Amino acid sequence: MKIGIVCPYAWDVPGGVQFHVRDLAAHLIGLGHEVSVLAPADDDTPIPPYVVSAGRAVPVPYNGSVARLNFGFLSAARVRRWLHDGAFDVVHLHEPGTPSLSLLACWAATVPMVATFHTANPRSRAMTAAYPILQPALEKINARIAVSEYARRTLVEHLGGDAVVIPNGVDVSFFADAAARSGWTTPKDEDGPEGAGGTIGFIGRIDEPRKGLPVLLEAFPEIVAARPRARLLVAGRGDAEEALLALPEDVRGNVTFLGMVSDEEKAQLLRSVDIYCAPNTGGESFGIILVEAMSAGAPVLASDLDAFSLVLEGGQAGRMFPNSDAAALAKEALALLADPARRTELSETAARAVRRYDWSVVGADILSVYEMVTESTAQVSAAALAVVQPGPGRGGARSAERGRGHGHGSGHGGAGGTGNGTDEPRAEPGRGRR
Amino acid sequence: MRLVLTQYTEIVVLVLVLILLYGLYLSWTATRLDRLHVRLDAARVALDAQLVRRSAATLELARSGLLDVATAVILATAARSAQLAAEDEREPTESALTRDLRAAFEDPREAAELSESTEGADLVQELGAAMRRVQLARRFHNESVRAVRQIRGYRRVRYFRLAGRAPDKPTFEIDDEPPAAFVR
């Protein structure tokens with residue numbers, strides 16, 4: 001199949017949507033499909049061969065924060081050109097609700113479309129002005145996918161309409177087969193109820209409060225007090241020195257900031273630690289880092305966000321603590337560090353739970369959706385072409401409508417209404433539709 | 001006489017322009033509705049195809065000789081009923097097939113044992129995929145119904161009969177929950 005994928009966010013910026021698109025493209029190409037990804041990218045950003053740049057994303061205030069988006073007639077023209085050059089069987093849009101490339105592609109495309117909604121947002125009053133404009137564009141989408149129950153709920157509540165839940169994919173074996181690093185693991189004699197050690201891992205932006213590092217740093221001194229050789233390994237972007245200053249002096253030696261790590265190092269880190277901690281305070285609609293930790297076999301300790309609770313199967317596949325409660329975090333962490341058997345149990349349950357997130361399963365679901373949508377649309381068009389009568393029907397009907405707007409005699413008022421000016425295959429099965 | 005005409009001309013022109021604009025607006029709404037009808041048609045075609053695929057997969061498994069004869073009889077008759085059902089019987093027969101499938105695979109060892117042979121594994125795999133697709137297709141279909149109904153509900157659509165003679169197509173409600181062994 002020829003598949004076109006649209007990513008609305010800048011390719012070089014790390015983000016859940018971008019990683020998902022990258023992995024999805026790689027998976028589909030691996031299966032032999034022809035894939036082209038349209039994404040915003042700076043001229044000097046290195047992009048893989050399957051990505052087509054739509055130009056720079058422009059930072060603009062949107063819905064309360066600054067977003068980098070592509071919009072305007074130039075972007076629209078680039079989208080149309082990509083669609084035309086690609087001649088895709090199906091187009092897969094990501095986050096079409098954001099006013100960027102995906103929405104533009106939705107407006108312009110004439111082939112079957114599948115859309116994935118990634119975010120879960122609380123309702124914003126300003127956005128209600130956008131919905132009547134968004135809705136007609138989004139109506140063209142044949143199949144809607146949400147990456148989590150929460151993203152689906154956002155969709156139902158804000159835009160109306162349902163979606164099927166197909167989670168973000170993870171390469172489980174990449175994490176499961178990685179090797180632990182001795183420098184990051186806890187020596188055997190320091191583990192267990194009598195031991196004084198333990199290794200906790202955290203991956204995320206250090207300076208973004210919603211990622212929860214401040215909560216973990218608040219709890220850490222208590223952990224060290226009970227287990228003096230306990231260590232905290234922090235990977236991610238941000239000012240390490242500033243974060244260190246937030247800690248009491250005697251504890252600073254137990255914390256190591258690894259900075260940005262490669263994917264391989266991330267997998268190794270997750271394989272090495274005794275606990276992976278996700279103290280996020282909010283803004284997560286899925287929690288892919290949890291799935292990655294579970295794939296690596298790292299016992300998970302996470303805040304009790306709804307999205308996390310779903311991934312951790314209500315606490316079966318990982319432990320949870322009340323959001324932002326540092327004391328509870330410390331208590332749970334100490335309990336886990338003292339109980340290797342419990343950690344192994346969690347690890348095993350998690351390993352079973354992550355199978356549904358593996359790309360082999362997620363990719364198959366997504367491909368099923370592509371196939372369903374292309375086959376059925378082709379069938380409907382074929383049936384229509386067999387029935388429809390070409391000729392003056394289109395032009396004539398337009399002037400009839402102009403009069404009083406009812407009684408559409410021969411059917412259609414032309415295809416111009418959508419503003420794209422291209423010829424859509426109009427299906428007229430002749431079953432008395434108008 | 002000429003003076004009177006000029007006085008009213010402006011208003012008349014304005015009113016005509018407004019009617020024209022409103023007419024275009026209605027035309028656009030009609031186009032939207034039409035597009036949604038097409039989408040719904042496609043979704044219905046997809047749903048029918050997946051239902052057929054599911055009953056075919058069930059039948060193939062039942063006839064393979066890999067199941068015990070009682071289960072094979074139950075599944076074969078359920079699948080055939082679903083295939084033969086008239087439009088108004090579709091929902092109950094498809095739901096019945098789902099329940100029979102759940103009953104047949106209630107014991108997780110059933111699917112595991114079948115998957116031991118290559119033929120069995122293929123049949124189970126195909127059946128699992130078909131059940132999943134039925135779920136997906138049904139959701140997409142019902143979402144299309146909702147979208148169509150929303151536009152049909154607009155006052156201007158009802159008043160100007162923009163939906164024409166097209167009947168209201170209902171959602172497709174069945175029990176499509178697969179056996180626990182097939183849920184990932």
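What you see is a predicted model, and the numbers here were worked out from it, not measured in a lab. Per chain, numbering begins at 1; letters A, B, ... match sequence-line order.
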Item to check | B/Arg146 versus chain A, the contacting section by heavy-atom distance below 4.5 Å | outcome: side chain
Item to check | OG on B/Ser144 to CD1 on A/Ile141, rounded to 0.5 Å | outcome: 11.0 Å
Next on the checklist: Would you call the rings of A/Tyr131 and A/His158 parallel, tilted or perpendicular, taking 30° and 60° as the class edges?
Outcome noted: tilted
Show me, pair by pair, the donor-acceptor contacts under 3.5 angstrom made by side chains of residues 66-78 of chain B, not counting sequence neighbours?
unit_1: B/Asp68; atom_1: OD1; unit_2: B/Thr71; atom_2: OG1; d: 2.5
unit_1: B/Asp68; atom_1: OD2; unit_2: B/Ala70; atom_2: N; d: 3.2
unit_1: B/Asp68; atom_1: OD2; unit_2: B/Thr71; atom_2: N; d: 3.0
unit_1: B/Asp68; atom_1: OD2; unit_2: B/Thr71; atom_2: OG1; d: 3.0
unit_1: B/Thr77; atom_1: OG1; unit_2: B/Val73; atom_2: O; d: 2.7
unit_1: B/Thr77; atom_1: OG1; unit_2: B/Ile74; atom_2: O; d: 3.0

Item to check | Interatomic spacing from CG in B/Asp34 to CG in B/Leu162 - rounded to 0.5 Å | outcome: 11.0 Å
Item to check | Atom group of B/Ile151 that falls short of 4.5 Å from chain A, counting heavy atoms | outcome: side chain
Checklist entry - Does the B/Arg152 side chain pair with the main chain of B/Leu33, one donor and one acceptor, at a distance under 3.5 Å? => result no
Item to check | Choice from B/Arg156, B/Arg133, B/Gln135 maximising heavy atom contacts with chain A below 4.5 Å | outcome: B/Arg133
Next on the checklist: A/Tyr357: which residues meet the ring pair (Phe, Tyr, Trp, His ring centres under 6.0 Å) condition with it, sequence neighbours left out?
Outcome noted: A/Phe286
Next on the checklist: Looking only at heavy atoms and a cut-off of under 4.5 Å, which of A/Arg356, A/Glu375, A/Arg144, A/Gln379 has the most pairs with chain B?
Outcome noted: A/Arg144
Checklist entry - Do you know which of A/Val369, A/Val164, A/Asp365, A/Val361 has the most heavy-atom pairs with chain B at a distance under 4.5 angstrom? => result A/Asp365
Item to check | Contact origin within A/Val354 toward chain B - heavy atom pairs under 4.5 Å | outcome: neither
Checklist entry - Which answer fits B/Leu136, side chain, backbone, both or neither, if we ask what part of it has an atom under 4.5 Å from a heavy atom of chain A? => result both
Next on the checklist: Heavy-atom pairs under 4.5 Å with chain B - which of A/Arg355, A/Glu139, A/Met372 has more of them than the others?
Outcome noted: A/Glu139
Checklist entry - Is chain A contacted by the side chain of B/Ala49, its backbone, both, or neither, given a heavy-atom distance below 4.5 Å? => result neither
Checklist entry - Which residue, A/Val362, A/Thr116, A/Val147, forms the side-chain contact (heavy atoms from CB on, under 4.5 Å) with A/Ile166? => result A/Val362
